[in-house]
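Worksheet: the structure to be examined is printed underneath.
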Amino acid sequence: MHSETIGEAVLENWAPEEVKAALDRHEITLIDVRTPGEYVQGHIEGALLAPMASVPAADLPMAGDKPVVLHCGSGKRSRAVAEACAALGVTSLIHMEGGFMAWRAAGLPYISIDPANGAAHRVADA
């Protein structure tokens, strides 16, 4: 993990393994800002979908009892959402570096849809 400053906010950048460990301990809320189509093709189990294009940063659950971790496909969109949250006055933000591509590259499990039968199933790329 490393931190940086965006205006008045501190943005923590976590590796996928750090996110997985915190998610397993139920310590974070993970928000996927990709499109619904991307989410259906593969997503992290337990992640909430809040597409960047249709859910304004002001409507994200940033004031809950758990820190929020933002992620997208590669990190670009979730970084933009983090910057939008910082502009709204959120002072503590967490972003998953490399997004879902980095999650998969690390061999971490995710949920996908089997195109043959439409059933959801757990996948691990490792």
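Only heavy atoms go into these numbers, but all of them, side chains included; no hydrogens, no water, no symmetry mates.
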I need the minimum non-hydrogen distance between [X] and [Y], along with the two atoms involved.
{"X": "His43", "Y": "Phe100", "answer": "N-CZ, 3.8 Å"}
{"X": "Arg77", "Y": "Gly73", "answer": "NH2-N, 3.7 Å"}
{"X": "Pro61", "Y": "Val68", "answer": "O-CG2, 3.2 Å"}
{"X": "Ala82", "Y": "Leu93", "answer": "O-CD1, 3.2 Å"}
{"X": "Met101", "Y": "Ser74", "answer": "CE-CB, 3.4 Å"}

Salt bridge (charged side-chain N to carboxylate O under 4.0 Å, His left out) against Glu97, all qualifying residues, sequence neighbours excluded = none

Nearest-0.5 Å distance that lies between atom [atom1] in [X] and atom [atom2] in [Y]:
{"X": "Ile44", "Y": "Leu108", "atom1": "CD1", "atom2": "CG", "answer": "8.0 Å"}
{"X": "Cys72", "Y": "Asp32", "atom1": "SG", "atom2": "CG", "answer": "8.0 Å"}
{"X": "Ser78", "Y": "Ile94", "atom1": "OG", "atom2": "CD1", "answer": "12.5 Å"}
{"X": "Leu30", "Y": "Trp103", "atom1": "CG", "atom2": "CH2", "answer": "7.0 Å"}

By side-chain contact (heavy atoms from CB on, under 4.5 Å) - contacts of [X] (at least two apart):
{"X": "Ser92", "result": "none"}
{"X": "Ser112", "result": "Tyr110, His121, Val123"}
{"X": "His26", "result": "Lys66"}

Show me the side-chain donor-acceptor pairs of residues 5-13 shorter than 3.5 Å, one per line, residues at least two apart or across chains.
residue: Glu12; atom: OE1; partner: Trp14; partner atom: NE1; Å: 2.9
residue: Asn13; atom: OD1; partner: His95; partner atom: ND1; Å: 3.2
residue: Asn13; atom: ND2; partner: Glu4; partner atom: OE2; Å: 2.9

request  = Starting from Leu88, walk the hydrophobic network (Ile, Leu, Val, Met, Phe, Trp, Tyr; side-chain heavy atoms closer than 4.5 Å) and list everyone else you reach, by chain and number.
outcome  =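 Other cluster members: none.
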
key: Co-members of the apolar cluster containing Ile113 [side chain, <4.5 Å]   =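 So far as hydrophobic clustering goes, Ile113 is joined with Val40.
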
ask   = With a 4.5 Å heavy-atom cut-off, do Ile31 and Val69 have their side chains touching?
value = no

task = With the side chain counted from C-beta on, respond yes when Arg79 and Leu70 share a heavy-atom pair under 4.5 Å apart, and no when they do not.
result = no

key: Test side chain to side chain donor-acceptor pair (under 3.5 Å) applied to Thr29 - qualifying residues, sequence neighbours left out   = none

task = Quick one: which residue pairs count as a salt bridge (Lys or Arg N to Asp or Glu O under 4.0 Å) with a foot in residues 14-23, not counting sequence neighbours?
result = Lys20-Asp24

ask   = Which salt bridge (Lys or Arg N to Asp or Glu O under 4.0 Å) pairs, counting each pair once, include a residue from residues 86-96, with sequence neighbours left out?
value =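 Those involving residues 86-96 do not exist here.
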
Under 3.5 Å, which donor-acceptor pairs do the side chains of residues 45-58 form with other protein atoms, sequence neighbours left out?
residue: Glu45; atom: OE1; partner: Arg122; partner atom: NE; Å: 3.2
residue: Glu45; atom: OE1; partner: Arg122; partner atom: NH2; Å: 2.6

